[in-house]
S.K.: 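There's a structure below that I have some questions on.
Chain letters run A, B, ... following the sequence lines, proteins first, then strands; residues in each count from 1.
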Amino acid sequence: MFMKPGTLYVYLIYGMYFCMNVSSRGDGACVLLRALEPLGGLETMRQLRSTYRKGSASRALKDRELCSGPSKLCQALAIDKSFDQRDLTEDKAVWLEHSPPGPREPAVVAAARVGIGNAGEWAQKPLRFYLQGSPWVSVVDRVAEQGTQV
DNA sequence: CGTTGGATGGGCT
DNA sequence: GCCCATCCAACGG
C-alpha cells in the first residue's frame with residue numbers, strides 16, 4: 001500500500017484467495033477492486049473461475065458470477081502474487097483504461113465497506129463506491145442508495 | 001430467496 | 001495462536 005500511486009498490491013486472503021488493490025495518493029492509501037464488468041474473454045474467465053471451484057465439473061457459471069467479488073475477479077483475470085507491485089502505467093500485461101463515454105454519467109453510490117466488521121471508526125465510513133444499478137456489483141446496499149443523487 | 005459452516009496459509013503478536 | 005475487505009456447497013423457506 002505504501003507505494004507509488006498506480007502500483008498493484010496483491011495479497012493472499014483466507015489462505016486461498018487473492019485480493020487486488022491499487023496504491024493511490026497518500027501514505028498507505030489504496031483501492032481494493034471488489035468487482036468488474038467483464039467486457040471480453042468471458043469464456044476464458046469462466047474456465048479460470050471453474051478450475052478453482054470444488055466440483056470443477058459442475059454447472060457453468062453465469063456471466064454475473066465471473067467478477068462479482070474481490071477474489072472472483074482475481075481468479076477470472078488469473079491475478080496472483082506475481083502481479084504484486086507491478087506498475088500499472090508501465091506493465092505490458094496489466095493496465096487501467098477509462099471506460100468509453102456513455103450517454104450519461106451513472107450515479108455513484110457511496111456505501112459502507114464489506115467484510116471488515118466493526119474494526120474501528122473507519123469501518124463505518126462510506127468508502128466503498130459502485131455504479132448504481134450495475135448488475136456486476138458484488139453487494140448492493142439499498143440503504144446507501146436512498147441518499148444517492150441520480 | 002435466506003443462512004451456515006468448512007477450506008486454507010502467510011504474517012504478525 | 002489468531003486475524004484476514006472470501007467463496008462455495010448444502011441446506012431451509
S.K.: Quick one: A:Tyr11 OH to C:dC3 C1', roughly how many Å, whole number?
M.R.: 13 Å
S.K.: Assuming nearest nucleotide by heavy-atom distance, tell me which of A:Arg113 and A:Glu65 is located more 5' along DNA chain C.
M.R.: A:Arg113
S.K.: Between C1' on B:dC1 and CZ on A:Arg142, what's the gap in Å once rounded to a whole number?
M.R.: 14 Å
S.K.: Roughly how far, to the nearest 0.5 Å, is the CG atom of A:Leu66 from the CD atom of A:Glu43?
M.R.: 8.0 Å
S.K.: Do A:Val94 and A:Leu73 sit in one hydrophobic cluster, given that two such residues count as connected whenever their side-chain heavy atoms are within less than 4.5 Å of each other, even indirectly?
M.R.: yes
S.K.: Quick one: A:Arg64 CZ to C:dC7 P, roughly how many Å, whole number?
M.R.: 16 Å
S.K.: Dot-bracket, DNA chain B: Watson-Crick or G-U, under 3.5 angstrom, [ ] crossing, | other strand?
M.R.: |||||||.||||.
S.K.: Hey, is the main chain of A:Leu61 close enough, under 3.5 Å, to the side chain of A:Arg49 for a donor-acceptor pair?
M.R.: no
S.K.: Applying side chain to side chain contact (heavy atoms under 4.5 Å, CB included) to A:Arg142 and A:Glu145, what does each step give before you reach the verdict?
M.R.: CA-CA 5 Å; A:Arg142 296 292 175 204; A:Glu145 292 186 11; 3.5 Å; yes
S.K.: Tell me whether the OP1 or OP2 atom of C:dT6 has a side-chain N or O from A:Arg34 closer than 4.0 Å.
M.R.: yes
S.K.: B:dG10 and C:dC8: how far apart are their C1' atoms, nearest whole angstrom?
M.R.: 22 Å
S.K.: To the nearest 0.5 Å, how far apart are SG in A:Cys30 and CE in A:Met20?
M.R.: 12.5 Å
S.K.: Let me know the distance between OH of A:Tyr17 and P of B:dG6, rounded to the nearest Å.
M.R.: 15 Å
S.K.: Measure CG/A:Leu73 against C1'/C:dC7 and give the value in whole Å, please.
M.R.: 13 Å
S.K.: Atom CZ of A:Arg113 and atom CG of A:Asp141: how far apart are they, to the nearest 0.5 Å?
M.R.: 13.5 Å
S.K.: Show me the donor-acceptor pairs within less than 3.5 Å that the side chains of residues 1-12 of chain A make with the rest of the protein, sequence neighbours left out.
M.R.:
unit_1	atom_1	unit_2	atom_2	d
A:Lys4	NZ	A:Asp87	OD2	3.0
A:Thr7	OG1	A:Lys4	O	2.6

S.K.: To the nearest 0.5 Å, what is the distance between OG on A:Ser71 and CZ on A:Arg34?
M.R.: 9.0 Å
S.K.: Show each protein N/O and nucleotides 9-13 of chain B N/O combination with a separation under 3.5 Å, one pair to a line.
M.R.:
unit_1	atom_1	unit_2	atom_2	d
B:dG9	O4'	A:Gly15	O	3.1
B:dG9	N3	A:Gly15	N	3.4

S.K.: Suppose you measure atom P in C:dA10 against the same atom in B:dT8; what distance do you get, rounded to whole Å?
M.R.: 15 Å
S.K.: With the side chain counted from C-beta on, respond yes when A:Asp63 and A:Arg46 share a heavy-atom pair under 4.5 Å apart, and no when they do not.
M.R.: yes
S.K.: Please report the distance, rounded to the nearest Å, between CG in A:Leu33 and P in C:dA5.
M.R.: 16 Å
S.K.: Expressed as a whole number of angstroms, how long is the span from A:Leu32:CG to C:dT6:C1'?
M.R.: 11 Å
S.K.: In whole Å, what is the span from the OH atom of A:Tyr9 to the C1' atom of C:dA5?
M.R.: 11 Å
